[in-house]
Each structure stands twice: as structure tokens, then as C-alpha cells.
Number of protein chains: 2
Amino acid sequence: MATGRSTQHNPNPAGGTRRSRGRGIPDATVARLPLYLRALTALSERSVPTVSSEELAAAAGVNSAKLRKDFSYLGSYGTRGVGYDVEYLVYQISRELGLTQDWPVVIVGIGNLGHALANYGGFASRGFRVAALLDADPAITGNVVAGLPVRHTDEMEEIVRDERVSIGVITTPPGAAQQVCDRLVAAGVTSILNFAPTVLNVPDGVDVRKVDLSIELQILAFHEQRKAGDDLADEDGEVPSAPAAAVVSGRGPEQGHGYEEAAG
Amino acid sequence: MATGRSTQHNPNPAGGTRRSRGRGIPDATVARLPLYLRALTALSERSVPTVSSEELAAAAGVNSAKLRKDFSYLGSYGTRGVGYDVEYLVYQISRELGLTQDWPVVIVGIGNLGHALANYGGFASRGFRVAALLDADPAITGNVVAGLPVRHTDEMEEIVRDERVSIGVITTPPGAAQQVCDRLVAAGVTSILNFAPTVLNVPDGVDVRKVDLSIELQILAFHEQRKAGDDLADEDGEVPSAPAAAVVSGRGPEQGHGYEEAAG
DNA sequence: CCATCTTTGTGCACGCGTTCACAAAGACAT
DNA sequence: ATGTCTTTGTGAACGCGTGCACAAAGATGG
Ligand SMILES: NC(=O)c1ccc[n+]([C@@H]2O[C@H](COP(=O)([O-])OP(=O)(O)OC[C@H]3O[C@@H](n4cnc5c(N)ncnc54)[C@H](O)[C@@H]3O)[C@@H](O)[C@H]2O)c1
Ligand SMILES: NC(=O)c1ccc[n+]([C@@H]2O[C@H](COP(=O)([O-])OP(=O)(O)OC[C@H]3O[C@@H](n4cnc5c(N)ncnc54)[C@H](O)[C@@H]3O)[C@@H](O)[C@H]2O)c1
């Protein structure tokens, strides 16, 4: 899995990594909790009363030991010899993630992507409520999208304040993203989900996560190329002492990393 | 399931320093290369000839030492005392990522999101070409989206074969995702970018990356809750060792989740 | 050619995350 | 109560990623 993280890269690395809190849940665990929650919700809808770490891990696509360790950070909610109570775990994880409360969200930039997000039903299902849709283009403001009127960015500050919005979603063109971000932060937003392919600069205390389709595709392309190169080369994991001097001008075969066996 | 079951992990294979020049680029580095590439492209467009690791790192939002180490996996492309040649680095990273070749992509599920992706200009800009748009709904097939006709999934196998598609993008409802995935893989696709909130099961040799808006929001909500209610600790006697002053939040983990690597 | 200055490339240490492996805990049967 | 069986919770080891700090490399100037 790479990868991750999110990717994400703090736009402001200057502020050291202070994350290691005494009792805080590890970031890697937090990132998996939604995954567990989704699997648990599915079980809940099928009225499954309990689930073992092995079963749940399979459903979530992770290692069972990892899952148990993740849950151990939340507390001891399991019963040895039985497993975990589905409903109870759903509640605990929801509470831990803060999903038991309402999170108003604004989406800025109602173009192709903003449109799709506004129409996405998955928002409300987890306590996220679209408080407003914002755009700077007068030709767009006023339109009704997904039952909501697109309002002008002039109203951003007022909306963020009145609706107590703390999460903003940026779906503007990259050139406008930093500016929109600054304005959101100034208005009081402290968490930003950025879809624009730009590195956002934010002050301490503001979280930024990014979703970048282009990066994802490029990562896939890298591995795809490596797979193709492996096919051309031998399947032997060991590589004949690649000569350092070789300038490799012509597509050198990418062999597998050392960490993965190669027997195909 | 990740099925990284080849846990034979040779702790220390015979060859000691195979990795350095033998080219096994760490996943974390691969995930950052697109970021560097974007920053370099911007510099290139401004006709900047060279850039130091410090400047480029700032533009990419990463630590300069990390950037230098990342580049060291690609080779020694810098000049001490000067920096890196922008054009040369653009080429090297592009080549490493496989962007010097054409990557035909199919998008399956032309609803809200598929529509937005089809209209997204960022595809072609990096060598990714939308080879076809596919949908199972007869009411949708035949429509022209972004200049391309939406074709029926019946044609999937033919298209994947004829166009040599190795990357598939899934934007169907979650219930159909696994089925679509299986079919894509059977047709010959070996890399999948999944937007549906589902854990995809794939055989070894197939890479899956996921983009999950809901998970991103939930991670933000978690941190938001912590920022807002650090003092509102519940019954489980937490020990707020650190005062709220240095909240500084933790950066989310790398987004590299959902990446399942399998030896082929 | 030598001195100085800038910046790369990397050895090293450290912390986080993952995984193994197993003792402890509890369910269940007798 | 006792024993057996299942599954959790976690100690410990290990590998990866990160960032510091510095020597080496090369540019630049005299
Ligand atoms: N469409 C996709 O599938 C897709 C995929 C990946 C990334 N992205 C990124 O998402 C962003 C949006 O993509 P899109 O296809 O929806 O673009 P789009 O051009 O269709 O929409 C952008 C919208 O932002 C609005 N906007 C521009 N400047 C603004 C400002 N300062 N304040 C508020 N609104 C402003 C525009 O009026 C427009 O409505 C882009 O950065 C794009 O790179 C899009
Ligand atoms: N819209 C968003 O912003 C958004 C955000 C995050 C995640 N998602 C996820 O992305 C996926 C698509 O979202 P959407 O809003 O576009 O949904 P949508 O319902 O608008 O579109 C889904 C499309 O998939 C097609 N489809 C259904 N079954 C299919 C099959 N077996 N083969 C081929 N095509 C099939 C449907 O005909 C439809 O056109 C969903 O899984 C959703 O959860 C969407």
C-alpha cells in the first residue's frame, strides 16, 4: 500500500513533526479506521453480530495482526475466543473519527469535478453535509446543483462563519487553489481537501490532504513499466551487478525491488 | 487482499549493495517523483536552467535532504555547487516514470465522476490517453462525452486487447466495482485506479490504487475533532500531557494507501 | 594551480509501521 | 471446576523512511 499518503506532503515542513503524541493514535491507524468502518457497516447491515479479526481483516484487505494492533489503540473492545461486537465497534470507530457529529463542508469551484462531488451521495452518509457550493464565475453562481444554489465566493467568509464550516474542498483550477486556500483558512477553515494539482501552503494547525489523479496514474505507470521490463528481462530476482557507469540511455529494464520476491 | 504473502523476505541477501545502483526505487520515492516533475515542469516553462535541491524542495513541499536522496536513487544527475539541470531532470524523471510512452486508459462507469474524469484535461498532458469510455447502461452508451462515444462494456475485452490498454479506471457504483475489476483484469488490464469505495481483490501482478473521498474526509474529521475538542476528553481519563499551544497537528500519512503490489 | 565557496550525495541514527509469535483471556463442553 | 479450544492483545524484532550532518565534488575567482 503504499503509499500514502497520503502523499500529502506538508506544504510547510518547517514545522517539525510533532505528531507523536503520548497517547495519540498513529496516523497509519487513523487512515485505516475508515476502511474498517466501511467493512463493519456492511456486516452490520447484514445483521452479523460479531466478527473475528481474521474475517474483518480479510474484508478490509489488511493483515489481521495489524487490525488487532490498530484496535488496541482504541481500547480493548474485543472478546477473546469470540471476536468483536460489530455494532459496538461501529460506534467506537465512528466516535473516534468524529463521525457522530455533523461536519459542514464547503466545495469551492463548481466545475466538472465540483459538480460530481456535489452530486455525490457518499457525503451525507457519514455525517458530512455540504453547507455550500462556491464559485467565482458569475455565469455559474445562481445555478442550482444537487439541490443547492451555487453561491459566489464573496460570501465565503460569511458562510464559513455562520455555518461553522471547518472543512473545505478545493476543486478550482490549480492557479486559483492557493488563493482560495488562503481565503478559506482566513475565514476559519482548518482542514482542506485539495483536488487541484498544486502544493498548498498553509499555516500550522491547518491540515491539508490532497487527491491527485495525475499522481496516481503516474505511479501506476511506473509499476506498469517495471512489469513490462521484467517480462523482457529474466525472472531472477538478482540482477547481474548493474554496472554503475552504464548511462542507461535506452530504457533499462526495471527490475523488482529487493523487497519482493520475483519468482513468477 | 494484499496478499503480500511472499514473506520470505531474505533479511540480508548475498548481494549487499544491490539496491543503490541496481535500481530498486523505494515506493515512497516513486510517489514523490510526480511531485518533483510538476515543480520542474513549471520551472521549465519559465525557462529556468538549473535549480538547487533547496529551491526545488521548497517548490515541491518536501525536505531538501529527502529530495536529494530521492534523486540519488535515479542516479547522480546533479552538479555540486550548481544544482540540477531542469530540462535534463524533467527528462530523467519522465523516463523513470514511464511517461515517455503512451498509456491508453479506459474509464468504466460514465456517471457523475466518470464524466468529470473524461472531461479532465490533465490526462493527456502526461501521456495518458483515454482510449475508451465504458458503461453498462444502454441509456448512456452512445452518448458522446468529451468527444468520445460511450461504448458498452460488452466491448471491453475487444478494446483492451486492440488498444493495448493496461490501465483501467473504475468509477462505477461500489457494488459493481469488483465485477468490473475482474473483467478488466481478465481482459488484460494490470493496473487499476479505483474510485469506488470498495476493497478490490486482484491476482498477483495487478496493481491497484484507490482514491477515496470519504476516507480522506474522515481522516480530516479525526484531526479536526482533536483540534477542536482536546479539552473535551471523554470518560476514559486521557492525560493531556501537552498543552493546546503546540497543537501543530500531525500531517496525514502518505497517501500511498490502497496500493497493492504483487510480484508477477 | 591553489583557495574558497556552494551544493550535492550519502553514511548514519532514529522513529514509525508492520509482522511474527505467543501468553493471556475468555467461551464452551464435560 | 477443569480442560480444551478459539481468538485477542501485545512484546519484540525488523525493515523502511526520514532527516541530520558532513565529506566529496565541482564551480569560481585570484
Ligand atoms: N475533472 C477531473 O476529473 C479532475 C481530476 C483530477 C484533478 N482535477 C483538478 O480539479 C480541479 C477542477 O477540475 P475541473 O475539471 O472541475 O475544472 P473546471 O474548470 O471544470 O472547474 C473549475 C471551476 O472553478 C471555478 N473557479 C476558478 N477560479 C476560482 C476561484 N478563484 N474561486 C472559486 N472558483 C473558481 C471556475 O469558475 C470553474 O467553475 C482542477 O484543478 C483540476 O486539475 C480535476
Ligand atoms: N461522484 C463523486 O464525486 C464521487 C466521489 C467519491 C467516490 N465516488 C464513487 O465513484 C463511483 C461513481 O460515482 P458517481 O457519482 O459517478 O456514480 P453514478 O451513479 O453517477 O455513475 C455510475 C455509473 O456506472 C455505471 N455502471 C453501473 N454498473 C456498471 C457496470 N457493471 N459496468 C459498467 N458501468 C456500470 C452506471 O451506468 C453509471 O453511469 C461510485 O462508486 C462512488 O461511490 C464518487
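Each chain gets a letter, A, B and so on, in the order the sequences are listed, and its residues count up from 1. Remember, predicted model here, so these are calculated numbers, not experimental data.
The CG-P distance, from Leu67(A) to dT19(C), rounds to 12 Å in whole Å. The distance between atom NZ of Lys66(A) and atom C1' of dT8(D), rounded to the nearest whole Å, is 18 Å. Per the geometry, CD belonging to Glu54(B) stands 19 Å off P belonging to dC5(C), to the nearest Å. To the nearest angstrom, C1' of dT10(C) lies 10 Å from OH of Tyr73(B). Counting to the nearest Å, the P atom of dG17(C) and the CD1 atom of Ile25(A) are 12 Å from each other. In this entry the distance linking CG of Asp85(A) with P of dT8(D) reads 13 Å, nearest Å. One interatomic measurement links the two molecules: CG of Asp70(B) to C1' of dG19(D), which rounds to 12 Å at whole-angstrom precision. The separation between Arg32(B) atom CZ and dG17(D) atom C1' is 8 Å, rounded to whole Å.
Applying the 4.0 Å criterion to OP1 and OP2 of dC20(D), one finds that Asn63(B) has a side-chain N or O inside that range. Contact annotation: Lys69(A) side-chain N/O to dT10(D) OP1/OP2 distance is not under 4.0 Å.
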Report each atom pair, protein N/O against N/O of nucleotides 1-7 of chain D, whose distance is under 3.5 angstrom.
residue : atom : partner  : partner atom : Å
dT7(D)  : O4'  : Gly81(A) : N            : 3.0

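Applying the salt bridge (charged side-chain N to carboxylate O under 4.0 Å, His left out) rule to Arg126(A) yields no partners; only residues at least two apart in sequence or on another chain are considered. Residues forming a ring-ring contact (aromatic ring centres under 6.0 Å, His included) with Phe195(A) (at least two apart in sequence, or on another chain): none.
At a cut-off of 3.5 Å, with distance as the only test, a side-chain donor of Arg68(B) or Ser53(B) sits close to an acceptor on the other residue.
Looking at every heavy atom in both residues, Leu37(B) comes nearest to Ser94(B) through CD1-OG, 3.7 Å.
Not one N or O on the side chain of Lys66(A) forms a donor-acceptor pair closer than 3.5 Å with the backbone of Thr29(A).
Taking the centre of each ring, Tyr84(B) and Tyr77(B) stay at or above the 6.0 Å mark.
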